[in-house]
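Worksheet: the structure to be examined is printed underneath.
Any value given below was found using the heavy atoms of this structure, including those in side chains, with hydrogens, waters and symmetry copies removed.
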Amino acid sequence: MLRSFAVALAIGVPAGMLCAWLRSPLPWLIGPLVACAIASGAGLPLRGPLVARHAGQWAIGATLGLYFTPEVVGRLAMYAAPILSGIAWAIIVGLGCAWALRRFADADPATAFFAGAVGAASEMALQGERNGGRVETIAAAHSLRIMMVVIILPFSYRWLDIRGSDLYQPSAAVVVPAALLLLVAVTIAGAMLMKAARLPNAWVIGPLLASAALTASGHAGTAMPAWVVNSGQVLIGVSLGTRFAPGFFRRAPRILSVAFASTLVAIGASALFGLLLSRLSGISPATLVLATAPGGVAEMSLTAKVLKLGVPIVTVFHVTRMAALVLVLGSLYRWLAQRRGWPCDLQPAARRNGDGDD
């Protein structure tokens, strides 16, 4: 495992350096992701250990929480209606993708529903397995979706020369060693609490909430070192890229082709929805396109950070959406299954490990 991880880093880090030299958006995330995906798909035995992925998620979650100053938290309370609209939209997008997988790929109901859902990847795989779905196909569809969103949106923003004008800034501009040690201790504790509660995405959400609580109470007092943020991007990129094992696209080409096409439609439709929601809410359109995109919490919030596009808004949209969908989608599937005669609850509930990626 360690040797395979070392090889993945040896491929991913130079790719990140190359992307940074080329001034690519999110170079330390996209470079390792694409390079490791190509190398892994070509047959190299690359691995991204769980602890490395958790370290990357911790770095991003703890950094994002530093944007939640008292003033920002006060303003976010005004955005309840747009956030609820974003959750409803995500459910609609998931149902549309599920319909496409049923209609054009002949996927079984559980596989189509949970593969199309815009929710935490591992949680959707677990719920899909419980209802008789194909876990590998569900996980593959989510991996493909996340990779597409991570690549397409940042490059689209760069091509359109869109950068933020939002005034959200971290609580501190310099690194203070004593305050940084406190931040590290509190955010790791937050992750462990979320993990113990078996909640999804524990190593993003736990540090994010702990860091946000420190910041909102005025006790953060430090910035996160840039090398920590870049290292977190590398670890997440390697983790995502190494999922694309040899034969990835040969295992279920029809389903993955439909997943690819439906994700493209979902990205475009979500961008239009974000623009419409912007007109109704007054929030920056560039911010809301990221906030309503069918991507993951860490990746979309990190994109907002790099492009200076309302990090707290994007983060809150994605965190609340993920939590709501994890809670709602299982019940929604059972309701549809009862009405349509689909199989449901075929297997005992799997143990939740809190390692979702959205």
Side-chain angles (χ1 to χ4, degrees), residues 16 20 25-33 51-73 76 150 154 163-164 166-194 201-240 287 290-291 295-319 322 356-358:
L26 292 178
W28 298 104
L29 174 64
I30 293 176
L33 191 163
V51 66
R53 186 175 80 191
H54 287 168
Q57 292 174 325
W58 166 82
I60 302 306
T63 301
L64 295 174
L66 297 175
Y67 284 82
F68 287 80
T69 62
E71 295 78 12
V72 167
V73 172
L76 289 176
V150 166
R163 292 193 66 83
D166 294 330
L167 301 178
Y168 298 107
Q169 296 293 331
S171 58
V174 297
V175 177
V176 179
L180 180 61
L181 287 175
L182 174 64
L183 178 67
V184 170
V186 170
T187 51
I188 290 177
M192 298 304 292
L193 285 174
M194 291 282 287
N201 235 335
W203 285 91
V204 174
I205 306 303
L208 192 157
L209 293 178
S211 176
L214 268 182
T215 304
S217 65
H219 294 95
T222 184
M224 185 68 75
W227 68 266
V228 173
V229 180
N230 291 340
S231 298
Q233 293 183 58
V234 170
L235 293 174
I236 291 176
V238 167
S239 175
L240 292 173
T287 296
L290 286 182
V297 176
E299 295 83 14
M300 292 299 93
S301 300
L302 184 60
T303 301
K305 176 186 181 302
V306 171
L307 297 177
K308 299 181 180 179
L309 289 168
V311 173
I313 294 176
V314 175
T315 302
V316 168
F317 263 75
H318 281 279
V319 169
M322 184 205 69
D357 298 307
D358 278 17

### Message
To the nearest 0.5 Å, what is the distance between CG on L235 and CG on L29?
### Response
11.0 Å

### Task
Evaluate the side-chain proximity of I30 to V150: yes if any heavy-atom separation is below 4.5 Å, no if none is.
yes

### Task
Report yes if some heavy atom in the side chain of M322 is under 4.5 Å from a heavy atom in the side chain of F317; otherwise report no.
no

### Message
Using every non-hydrogen atom in the two residues, find where H318 and A291 come nearest and quote the distance to one decimal.
### Response
NE2-O, 3.3 Å

## Note on the structure
Interatomic distance, CG@L302 vs CG@L64, rounded to 0.5 Å, equals 7.0 Å

### Query
Between P207 and A202, which heavy-atom pair has the shortest distance, and what is it?
CD-O, 3.3 Å

### Task
Can you sort out the partners of P27 under side-chain contact (heavy atoms from CB on, under 4.5 Å), two or more places apart, ordered by chain and number?
C19, A20

### Message
Minimum heavy-atom separation for E299 and L240, please, with both atom names.
### Response
OE2-CD1, 3.9 Å

### Task
Flag the pair W28 / V229 as yes when at least one side-chain heavy-atom distance between them is below 4.5 Å, and no otherwise.
no

### Task
Quick one: pull up CD1 in I205 and CD in Q57 and give me the separation to the nearest 0.5 Å.
9.0 Å

### From NZ (K305) to CG (L26), nearest 0.5 Å
10.0 Å

### Query
Can you tell me how far OH of Y67 sits from OG of S211, rounded to the nearest 0.5 angstrom?
11.0 Å

### Query
Which atom pair, heavy atoms only, marks the closest approach of M224 to A62?
CE-CB, 3.7 Å

### Query
Any donor and acceptor pair, going by atom type alone, linking the side chain of S217 with main-chain N or O of L214 inside 3.5 Å?
yes

Donor-acceptor list for residues 172-190 side chains, cut-off 3.5 Å, not counting sequence neighbours:
unit_1, atom_1, unit_2, atom_2, d
T187, OG1, W58, NE1, 2.8
T187, OG1, L183, O, 2.6
T187, OG1, V184, O, 3.1

## Note on the structure
d(I236 CD1, I60 CD1) to nearest 0.5 Å is 5.0 Å

### Query
Considering all heavy atoms of both residues, which atom of V73 and which atom of F68 are nearest to each other, and what is their separation?
CG2-O, 3.9 Å

### Message
For the backbone of A213 and the side chain of H219, can you confirm whether one donor and one acceptor N or O come within less than 3.5 Å of each other?
### Response
no

